[in-house]
Number of protein chains: 2
Amino acid sequence: MSREIRRTMPLLSMSIVMQLTELSARQIRYYEEHHLIEPHRTEGNRRMFSLNDVDTLLEVKDYLEQGMNMAKIKKIFAKRKDPVATTEEQDLSDSELRQIMREEMRQAQRMQKSSIRRGDLSRFY
Amino acid sequence: MSREIRRTMPLLSMSIVMQLTELSARQIRYYEEHHLIEPHRTEGNRRMFSLNDVDTLLEVKDYLEQGMNMAKIKKIFAKRKDPVATTEEQDLSDSELRQIMREEMRQAQRMQKSSIRRGDLSRFY
DNA sequence: GCAACCATGTTAGGAAACCTTACATGGCCG
DNA sequence: CGGCCATGTAAGGTTTCCTAACATGGTTGC
């Protein structure tokens, strides 16, 4: 039991995640459809997100803003999960890999400053 | 901007707080009525709680389980907020103060282990 | 240049979660 | 015993979220 709230705990409702990520509900559901996140469900079938889900969504948002498409983003996550098992279709080109590494550097930099995207939280105080 | 989610950020819905604290909605609203917490409201008038609110609720729950009544609990919080400004009615007896100090020791002990009450979170994994 | 697809917007209809208000109730204390 | 305190419960209404379906602007491939 860690001192902080577990990052995998499904605590957050749709509306809060929309605010935290500045994504639309449509976008969030679409990314779920593509299995980039898999939020829990309440008994009444409502999505409940964890802090990890929020992180993932912010990362997806970044990749898309950089011009990647869903297929590529999926490959990235697949590769991260299991760097060895690569089928031909899953494989990434050299330039793709370079792009990903560049993005992961930025991601890491961001994580040093905050678990949530910089500058986006003033509306909560 | 701290590394962790701000403890004052209103992130949590009623149902989640009910699970985290094992209090009923009625109880939570009653404690709010007595100004022990003051959750934010969405545009649609729904309560949104912070992690601090959850901590406070757990503390209130403890005090009540120890047999204190709301009046005494209110005094405790008032005193903590401003230890100097005490009117006669606000004042606490010696035995009350001893009871509070005992409870605050327990509280501190608990905080060392977890920000949420020990043993209550297995249902989230 | 057009067809097709991708990511997202929008709308509709329904269900779940939450709101306030009001009344009920069991336990405790003077 | 009477009354109050903390909580339960019910009713009726509103907000938030759900899925499903169709619409659309921007790219991409031919």
Side-chain angles (χ1 to χ4, degrees), chain A residues 10-50 53-54 56-77 89 93 95-96 99, chain B residues 10-50 53-54 56-77 89 93 95-96 99:
Chain A
L11 296 173
L12 310 174
S13 64
M14 176 58 89
S15 56
I16 284 294
V17 173
M18 291 171 64
Q19 291 181 69
L20 290 174
T21 61
E22 289 180 327
L23 293 167
S24 69
R26 182 69 168 93
Q27 287 174 301
I28 294 169
R29 296 195 191 107
Y30 185 68
Y31 306 152
E32 176 186 9
E33 213 172 293
H34 285 266
H35 303 100
L36 299 178
I37 54 172
E38 311 229 334
H40 279 231
R41 297 289 183 132
T42 66
E43 284 190 8
N45 198 35
R46 292 173 159 212
R47 274 168 265 255
M48 293 301 295
F49 303 84
S50 70
D53 290 331
V54 172
T56 301
L57 288 171
L58 287 172
E59 201 180 342
V60 170
K61 188 183 179 191
D62 250 28
Y63 285 145
L64 284 168
E65 279 168 1
Q66 299 209 355
M68 287 192 208
N69 59 22
M70 296 295 286
K72 211 169 291 184
I73 295 173
K74 281 198 225 179
K75 286 190 208 166
I76 294 175
F77 283 92
E89 311 96 66
S93 74
S95 75
E96 283 174 348
Q99 185 179 17
Chain B
L11 295 173
L12 309 174
S13 64
M14 176 59 89
S15 57
I16 284 294
V17 173
M18 290 171 63
Q19 292 180 68
L20 289 174
T21 60
E22 289 180 327
L23 293 167
S24 68
R26 181 69 168 95
Q27 288 174 300
I28 294 169
R29 295 195 192 107
Y30 185 68
Y31 306 153
E32 176 186 9
E33 212 171 295
H34 285 267
H35 303 99
L36 299 177
I37 53 172
E38 311 230 335
H40 279 232
R41 298 289 183 133
T42 66
E43 284 190 9
N45 198 34
R46 295 179 152 204
R47 273 168 265 255
M48 293 301 297
F49 302 85
S50 69
D53 290 332
V54 173
T56 301
L57 288 172
L58 289 172
E59 201 180 341
V60 170
K61 188 183 178 190
D62 251 28
Y63 285 145
L64 284 168
E65 280 168 0
Q66 300 209 354
M68 288 192 207
N69 60 21
M70 296 296 284
K72 211 169 290 185
I73 296 174
K74 280 198 226 179
K75 286 190 206 166
I76 294 175
F77 281 92
E89 308 97 67
S93 74
S95 75
E96 282 174 350
Q99 184 179 18

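Please read these numbers as outputs of a predicted model, since none were measured by experiment.
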_Whole-Å gap separating P (D/dC18) and NE2 (A/His40)_ = 15 Å
*Length of the CD-P vector between A/Glu43 and D/dC18, whole Å*: 16 Å
*asked:* Looking only at the side chain of A/Arg41 (C-beta and beyond, no hydrogens), which of the listed nucleotides C/dT8, D/dT19, C/dC18 gets closest?
replied: D/dT19
*Could you pull out the closest heavy-atom pair between A/Lys61 and A/Thr21, with the gap in Å?*
NZ-O, 3.0 Å
*Give a yes/no answer on whether the side chain of B/Tyr30 brings an N or O atom under 4.0 Å of OP1 or OP2 in D/dA6.*
yes
*Residue A/Ser15, side-chain heavy atoms: nucleotide from D/dT16, D/dT7, C/dT8 that is nearest*: D/dT16
*What distance do B/Ser13 atom OG and B/Arg46 atom CZ have between them, rounded to the nearest 0.5 Å?*
9.5 Å
*Of the nucleotides D/dC5, D/dG8, D/dT16, which one has an atom closest to the side chain of A/Arg46?*
D/dT16
*Over how many whole Å does the gap from A/Glu33 atom CD to D/dA20 atom C1' extend?*
11 Å
*CG of A/Asn69 versus C1' of D/dG26: gap in Å, rounded?*
14 Å
*State whether A/Ser24 places a side-chain N or O below 4.0 Å from either non-bridging phosphate oxygen (OP1 or OP2) of C/dG9.*
yes
*With a non-hydrogen cut-off below 4.0 angstrom, is B/Arg47 in contact with a base, only sugar-phosphate, or nothing?*
sugar-phosphate
*Decide yes or no for A/Met48 and A/Leu11: does some side-chain heavy atom of the first lie under 4.5 Å from some side-chain heavy atom of the second?*
no
*asked:* Among C/dA17, C/dT8, C/dC18, which nucleotide has an atom closest to any side-chain atom of A/Leu64?
replied: C/dT8
*Do A/Thr56 and A/Glu59 have side-chain atoms, one donor and one acceptor, less than 3.5 Å apart?*
no
*Give a yes or no on whether a salt bridge exists between B/Glu32 and B/Arg26, defined as a side-chain N under 4.0 angstrom from a carboxylate O.*
no
_Name the residue from A/Arg41, A/Arg47, A/Glu43 that meets the side chain to side chain donor-acceptor pair (under 3.5 Å) definition with A/Asn45._
A/Arg41
*Can you figure out which of D/dG8, C/dA17, C/dA7 approaches the side chain of B/Gln27 most closely?*
D/dG8
*If you check every side-chain atom of A/Arg26, which of C/dG9, C/dC18, C/dA7 has the closest atom?*
C/dG9
*Return the 5'-most residue of the pair B/Ala71, B/Asn45 with respect to DNA chain D, ranking by each residue's nearest nucleotide.*
B/Ala71
_At less than 4.0 Å, is any side-chain N or O atom of A/Tyr31 found next to OP1 or OP2 of C/dT8? Yes or no._
yes
*What is the distance from CE of A/Met18 to C1' of C/dT8, rounded to the nearest Å?*
13 Å
_Measuring to OP1 and OP2 of D/dT15, would you say a side-chain N or O of B/Thr42 lies under 4.0 angstrom away?_
no
*Which whole-number value in Å describes the distance from A/Met68 CE to C/dC6 P?*
18 Å
*Rounded to whole angstrom units, what separation is found between the CD1 atom of B/Ile28 and the P atom of D/dA6?*
16 Å
*Given C/dA7, D/dC18, D/dT9, which nucleotide is nearest the side-chain atoms of A/Arg29?*
D/dC18
*Calculate the interatomic distance between B/Met70 atom CE and C/dC28 atom P; express it in whole Å.*
18 Å
